[in-house]
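Only one structure is covered here, and it is reproduced in the block below.
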Amino acid sequence: MIKKWFKNIGPGTLIAAAFIGPGTVTLCTLAGVNFGFNLLWAMLLSIIATIILQEMAARLGIISQKGLSEVIRQEIKTPYLKQFITILILSAVVIGNASYEAGNISGGILGLESIFGNYNFPLGTNNFNLMSFLIGIIAFLLLFIGNYKFLEKALISLVLLMSVSFVATAIITKPNILEVLKGLLIPKFPEKSILTIIGLVGTTVVPYNLFLHASLVKERWHKKEDLNFAKKDTIISIILGGLVSMAIIISATAIQTSDVSNAADLAKGLAPLYGEFAKYFMGLGLFAAGITSAITAPLAAAYVAKGCLGWSGGLKSKKFRFVWMSILFLGVLFSSIGIKPIEIIQFAQVANGLLLPIIAGVLLWIVNKKSILGDFVNSKTQNILGFIILIITIFLGVKGILKVLNFL
């Protein structure tokens with residue numbers, strides 16, 4: 001049974017790799033440092049919501065053998081609405097991932113630097129970070145090979161490294177199991193925690209993962225009989241991702257200081273208490289989180305551009321490669337010399353704030369269409385759960401936009 005599952009493990013693990021990026025790691029770190037175990041329930045809620053939405057996206061990909069952006073382009077008949085949603089998707093995912101890519105690479109750099117130290121070289125008025133170039137080359141080679149199975153195996157290996165690293169770090173800190181269970185099962189809203197709660201849900205329920213998942217499953221599976229494998233893969237992989245996020249929160253709870261602002265600080269903070277091994281585990285975990293997101297973000301953007309613009313060809317086509325190469329190049333450039341394109345990031349955050357509830361709503365509509373899914377449309381229970389998640393995504397989207405517009 002286990003051997004059979006490992007044989008069919010795939011896209012779900014890549015989705016887990018995509019949502020556990022440096023931003024998630026840092027946010028989970030701050031949640032643990034500032035609020036202890038009290039926000040573990042928010043991560044549990046996030047994981048349940050992610051499983052429900054990603055299962056819908058995976059089912060759509062297998063039955064229709066199309067990506068989510070392709071189905072949206074074909075199913076929305078009103079020209080102005082189709083144009084608006086296409087521009088929104090391209091803005092949020094392609095431009096958004098280009099602006100976030102520097103953060104993904106920088107996260108990987110933090111992990112390496114916590115183990116090996118800094119490798120900065122003067123370059124005019126800025127410093128050039130050699131680690132950024134190294135991570136860029138690794139990501140480039142894995143994507144350029146253009147073999148889905150090879151890419152999948154490489155990312156799964158990195159996710160397993162990340163999982164073992166963060167879970168081992170959490171175990172080393174010897175948490176109080178009863179307090180952990182209370183944090184998981186009893187929702188609490190400590191003072192000034194609302195933005196962190198919103199952040200934990202928002203960083204896990206990610207719009208571009210819905211597009212990425214639908215596109216990846218059709219690369220892997222082609223028959224309706226494969227739905228069971230896809231469902232198990234999605235559930236187990238996302239639960240694994242959730243455990244990793246929770247392990248980071250638990251690890252951070254062990255540090256009784258307010259000087260921790262990111263996971264690299266957490267790695268340093270754990271070393272005096274739990275020895276050098278804790279620092280190395282945390283550093284390796286952060287490196288794996290950074291590099292997996294640095295690979296999946298350009299990949300998702302390329303799939304979205306391909307679906308929205310109706311391109312043919314696969315991972316090795318020139319247009320597909322142009323998109324991910326551009327995003328990876330910008331990420332390496334911005335992270336290596338420390339540039340933060342604030343205006344682009346703010347624009348992407350607004351676009352993502354709009355995109356999440358719209359795509360959740362459109363996905364819910366599509367997975368109820370018999371013309372697309374036949375007998376595999378949503379059940380009543382799935383629709384009820386989907387509607388509840390839609391309300392949550394609307395709340396998150398509005399909060400995200402208001403935050404960028406400085407209304408919070």
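- The CG atom of L240 sits 13.5 Å away from the CD1 atom of I235 when rounded to the nearest 0.5 Å.
- Between M246 and L44, the closest side-chain pair of non-hydrogen atoms falls below 4.5 Å.
- Annotation: side chain of K319 is not in contact with side chain of K306 (no heavy-atom distance under 4.5 Å).
- Between the side chain of N176 and the main chain of E179, a donor-acceptor pair closer than 3.5 Å is present.
- Each of E70, H222, K218 was compared with Q65 under the side-chain hydrogen bond (donor to acceptor under 3.5 Å, both in side chains) criterion, and only H222 meets it.
- In terms of heavy-atom proximity, A58 sits nearest to V217 at O-CG2, 3.5 Å.
- Residue T50 forms a side-chain contact (heavy atoms from CB on, under 4.5 Å) with just one option from L210, N209, T204, T234, and that option is T204.
- Between V205 and A49, the closest heavy-atom pair is CG2-CB, 4.1 Å.
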Original post:
Given the rule in the side-chain contact (heavy atoms from CB on, under 4.5 Å) test, do M56 and L60 qualify, once you have shown the distances and angles that lead to the verdict?
Top reply: CA-CA 6 Å; M56 289 180 196; L60 175 67; over 6 Å; no

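- W41 has its side chain out of reach of L185: every pair of non-hydrogen atoms, C-beta onward, lies at least 4.5 Å apart.
- Listed for the R59 side chain is a donor-acceptor partner under 3.5 Å among the backbone atoms of F376.
- With hydrogens and angles left out, the side-chain atoms of S251 and T173 include no donor and acceptor closer than 3.5 Å.
- Side chain of N97 to main chain of V94: no donor-acceptor pair is present (N/O by atom type, distance under 3.5 Å, no hydrogens or angles).
- Between L309 and L90, the closest side-chain pair of non-hydrogen atoms falls below 4.5 Å.
- No side-chain heavy atom of T13 sits less than 4.5 Å from a side-chain heavy atom of I236.
- Ring orientation note: the planes of F144 and W324 are nearly perpendicular, at an angle over 60° on the 30°/60° scale.
- In this structure, F189 places its CZ atom where more than 12 heavy-atom neighbours from other residues, nucleotides or ligands lie under 6.0 Å away.
- I384 CD1 to S379 OG: the interatomic distance, rounded to the nearest 0.5 Å, is 8.5 Å.
- Rounded to the nearest 0.5 Å, atoms CG (L40) and CG (L45) are 12.5 Å apart.
- Contact check for D233 versus P11: side-chain heavy atoms found under the 4.5 Å cut-off.
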**OP:** Take F395 and V201 through the side-chain contact (heavy atoms from CB on, under 4.5 Å) test and state the conclusion after the steps.
**Re:** CA-CA 11 Å; F395 176 72; V201 180; over 6 Å; no

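- Annotation: the span from L30 atom CG to L200 atom CG amounts to 9.5 Å, rounded to 0.5 Å.
- Without hydrogens or angle criteria, S336 side chain to V332 main chain gives a donor-acceptor distance under 3.5 Å.
- Around the NZ atom of K182, the shell of radius 6.0 Å holds no more than 12 heavy atoms that belong to other residues, nucleotides or ligands.
- Between S245 and I20, the closest side-chain pair of non-hydrogen atoms falls below 4.5 Å.
- Closest heavy-atom contact between A288 and T292: O-OG1, 2.8 Å.
- Side-chain contact between F166 and L284 is absent, with no heavy atoms from C-beta onward closer than 4.5 Å.
- Residue I89 holds its CD1 atom at 13.0 Å from CD1 of I95, rounded to the nearest 0.5 Å.
- Across all their heavy atoms, V71 and K66 have their closest contact at CG2-CB, 3.8 Å.
- Closest non-hydrogen pair, F19 versus T24, comes out as O-OG1, 2.6 Å.
- Formation of a donor-acceptor pair under 3.5 Å by the D226 side chain with backbone atoms of K223 is found in this model.
- The two residues F322 and S326 make their nearest non-hydrogen contact at O-OG, 2.7 Å.
- Remark: I366 CD1 to I72 CD1 distance equals 5.0 Å, nearest 0.5 Å.
- Note: W311 and Y303 fail the aromatic proximity criterion, with ring centroids not under 6.0 Å apart.
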**OP:** Let me see the working for S193 and L39 under side-chain contact (heavy atoms from CB on, under 4.5 Å), right down to the final yes or no.
**Re:** CA-CA 8 Å; S193 66; L39 301 187; 4.3 Å; yes

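- Taking the charged nitrogens against the carboxylate oxygens, E55 and K231 have no contact shorter than 4.0 Å, which rules out a salt bridge.
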**OP:** Verify side-chain contact (heavy atoms from CB on, under 4.5 Å) between L328 and E101, making sure each step is shown before the conclusion.
**Re:** CA-CA 7 Å; L328 186 58; E101 182 69 354; 3.5 Å; yes

